[in-house]
Amino acid sequence: MNTNFYEQVYEIVRLIPKGRVTSYGAIAKSLGAAKSSRMVGYAMRFAGMAHPKVPAHRVVNSSGLLTGKFHFETPEMMEDLLAKENVKVKDDKIVNFKTVFWNPMEEITE
DNA sequence: ATCATGACCATCC
DNA sequence: AGGATGGCCATGA
C-alpha cells in the first residue's frame, strides 16, 4: 500500500485510547480533509490487514453507530471488542457516545 | 481523463 | 423513523 493517506488514518486510529471511540468525520477533519470522511472508512477496510493492526472497532460513524461491523471477521466481533473496552453498545450504537468520544485533534497537536 | 466504488455526512421527504 | 439523493474525494482499472 504505502499510501500516505491511509497511513495517516491508521496513525490516528492507533492512537485512540482504550475505552474511547471516535468518528470517521473527526479523523478526516484532523487530517485536514473534512470532506474525505468516506476515505477514512474506505481505508479502514485494510485495517485488518494493515501491519500494526488498527483498532477499527473504536471507529464509528458520526452517530456512534457500528456501521462497519460487517467488515470484521464476524459482525459480532466489533461490539464484543468494544464491550471488553468498557464501551457499551446497544442496538449497534455506542452508549454514552459523547462521553467516550475521543477527539483526534487533541493528540495530533501539530 | 473518465468511471465505478465506498466502514460517510447532511438534507429532504 | 427510515429511505432516497447529492456531495465529496481517494483509489484502481
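Scope of the values below: all heavy atoms of this structure, side chains included, with no hydrogens, waters or symmetry mates. Convention: sequence-line order gives letters A, B, ...; per-chain numbering from 1.
Heavy-atom distances to DNA chain C give each of A:F5 and A:K35 a nearest nucleotide, and the one nearer the 5′ end belongs to A:K35.
The hydrophobic clustering, which links ILVMFWY residues whose side-chain heavy atoms are closer than 4.5 Å, places A:I12 and A:V54 together.
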>> Using a 4.0 Å heavy-atom cut-off to protein, can you give one letter per nucleotide of nucleotides 7-13 of chain B, 5' to 3': B if the base is in contact, S if only the sugar-phosphate is, - if neither?
In response: BBSS---

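Looking at heavy atoms from C-beta onward, A:R58 lies out of side-chain contact with A:V13 at the 4.5 angstrom threshold.
Between the side chain of A:Y10 and the backbone N or O of A:A43 there is at least one donor-acceptor pair closer than 3.5 Å. The closest donor-acceptor contact from the side chain of A:T22 to the backbone of A:W102 lies under 3.5 Å.
Nucleotides C:dC8 and B:dC12 place their P atoms 15 Å apart, quoted to the nearest Å.
Taking every heavy atom of both residues into account, A:S36 and A:F5 meet most closely at CB-CZ, 3.8 Å.
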